[in-house]
Amino acid sequence: MLELKVSTPRYWLETALEDFDAFLIDHAACERKASAVGMSFVVRYPDRPGLTDLMIQFAREELEHFHQVYRLVEKRGLMLREDEPDDYVNLLMKPVRSGRDERFLDRLLVASVIEARGHERLALVASHLKDPELQKFYARLARAEGHHKDLFLEIALQFFPREIVMNRLEEFLWVEAQAITAVPFRSALH
Ligand SMILES: [Fe+2]
Ligand SMILES: [Fe+2]
């Protein structure tokens, strides 16, 4: 239902895995931010039937991912870092509209395309890790992000007509393609 417009090139994987410690620290931050996105839906849209429960569940799941990645960070004797501006996410947020319904739909679709990219890239990482435990861990996280991609799109379809959702999704998929192409490769998820 949701197909990214551009695939991640192999060169990204080489850059990401070149400094796996840096990748892990960034990945931990991404999981923590995803959890915060879930809670921000809880705070902003208490009036949308069924949404709060789904978003609490989502936020808990992402928080659990954060905790698991954090444990890996700690085990390696590393430390979390303060957040840096995320150019990729900022580019995706730019076209988000301001009307109450429009903003809700756009934020759901932004979340969905971010999850789709996370799913793609974590699966790539999983398929190239040598350590079998770590590989299993990343494969499991990749699957979870795949479910999240569907979750946000399904929520959008629950609250808005299909044609409106799919047309706007197409626009965000192109914005995502431009954003992911624009940001330089580094040892980070994006
Ligand atoms: Fe996650
Ligand atoms: Fe996710």
Side-chain angles (χ1 to χ4, degrees), residues 1-4 7-8 12-13 16-17 20-45 50-76 78 80-81 83-84 86 88-93 96 104-129 133-158 169 172-173 175-176 179-180 183 187-190:
M1 201 151 61
L2 188 166
E3 292 277 345
L4 292 167
S7 303
T8 291
W12 170 81
L13 189 66
L17 298 187
F20 193 65
D21 288 353
F23 179 82
L24 263 186
I25 292 167
D26 172 76
H27 177 199
C30 290
E31 299 289 0
R32 196 201 75 241
K33 287 179 202 167
S35 179
V37 165
M39 288 313 293
S40 85
F41 276 103
V42 170
V43 173
R44 279 176 206 274
Y45 306 101
L51 181 73
T52 304
D53 196 68
L54 287 173
M55 285 297 101
I56 293 172
Q57 201 184 318
F58 168 78
R60 285 174 71 161
E61 208 178 309
E62 297 291 25
L63 191 63
E64 184 58 31
H65 292 171
F66 171 54
H67 202 174
Q68 289 164 353
V69 181
Y70 169 69
R71 286 197 188 113
L72 291 177
V73 166
E74 204 196 19
K75 215 163 100 185
R76 288 171 174 243
L78 306 168
L80 297 179
R81 273 200 301 261
D83 286 342
E84 288 164 15
D86 189 330
Y88 169 71
V89 172
N90 290 341
L91 285 168
L92 280 172
M93 290 301 287
V96 168
F104 179 47
L105 173 60
D106 287 359
R107 289 195 57 198
L108 288 169
L109 296 177
V110 166
S112 182
V113 297
I114 292 175
E115 292 289 344
R117 185 61 69 188
H119 166 66
E120 187 222 23
R121 289 195 163 181
L122 292 185
L124 264 179
V125 168
S127 67
H128 286 80
L129 284 170
E133 278 303 303
L134 209 52
Q135 191 199 44
K136 239 169 60 195
F137 174 67
Y138 268 88
R140 188 166 56 75
L141 285 196
R143 270 196 305 279
E145 311 313 349
H147 292 311
H148 294 159
K149 158 191 94 170
D150 295 337
L151 169 73
F152 282 103
L153 189 52
E154 278 158 19
I155 294 172
L157 288 167
Q158 198 180 311
L169 174 63
F172 272 110
L173 284 168
V175 172
E176 198 279 337
I180 202 71
V183 296
S187 292
L189 196 54
H190 21 71

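Every value quoted in this text rests on a predicted model; they were computed, and no experiment measured them. Whatever order the structure lists them in is the order used to number ligands and atoms, beginning at 1.
Electrostatic pairing of Glu74 and Arg71 does not count as a salt bridge here, judged by no charged N lying under 4.0 Å from a carboxylate O.
Inside a sphere of radius 2.8 Å centred on the Fe ion (ligand 2), the protein N/O/S atoms present are Glu62 OE2, Glu115 OE1, Glu115 OE2, Glu145 OE1, His148 ND1.
At a cut-off of 3.5 Å, with distance as the only test, no side-chain donor of His119 or Glu115 sits close to an acceptor on the other residue.
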Note to self: Determine whether Gln68 and His65 satisfy the following criterion, side-chain hydrogen bond (donor to acceptor under 3.5 Å, both in side chains), listing intermediate values before the conclusion.
What the structure shows: CA-CA 5 Å; Gln68 289 164 353; His65 292 171; 5.1 Å; no
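With sequence neighbours left out, Glu133 forms a side chain to side chain contact (heavy atoms under 4.5 Å, CB included) with Asp131, Lys136. In this structure, Tyr70 has no ring pair (Phe, Tyr, Trp, His ring centres under 6.0 Å) partners at least two apart in sequence or on a different chain.
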For residues 52-61, tabulate all N or O donor-acceptor pairs below 3.5 Å that involve a side-chain atom, not counting sequence neighbours.
{"unit_1": "Glu61", "atom_1": "OE2", "unit_2": "His148", "atom_2": "NE2", "d": "3.0"}

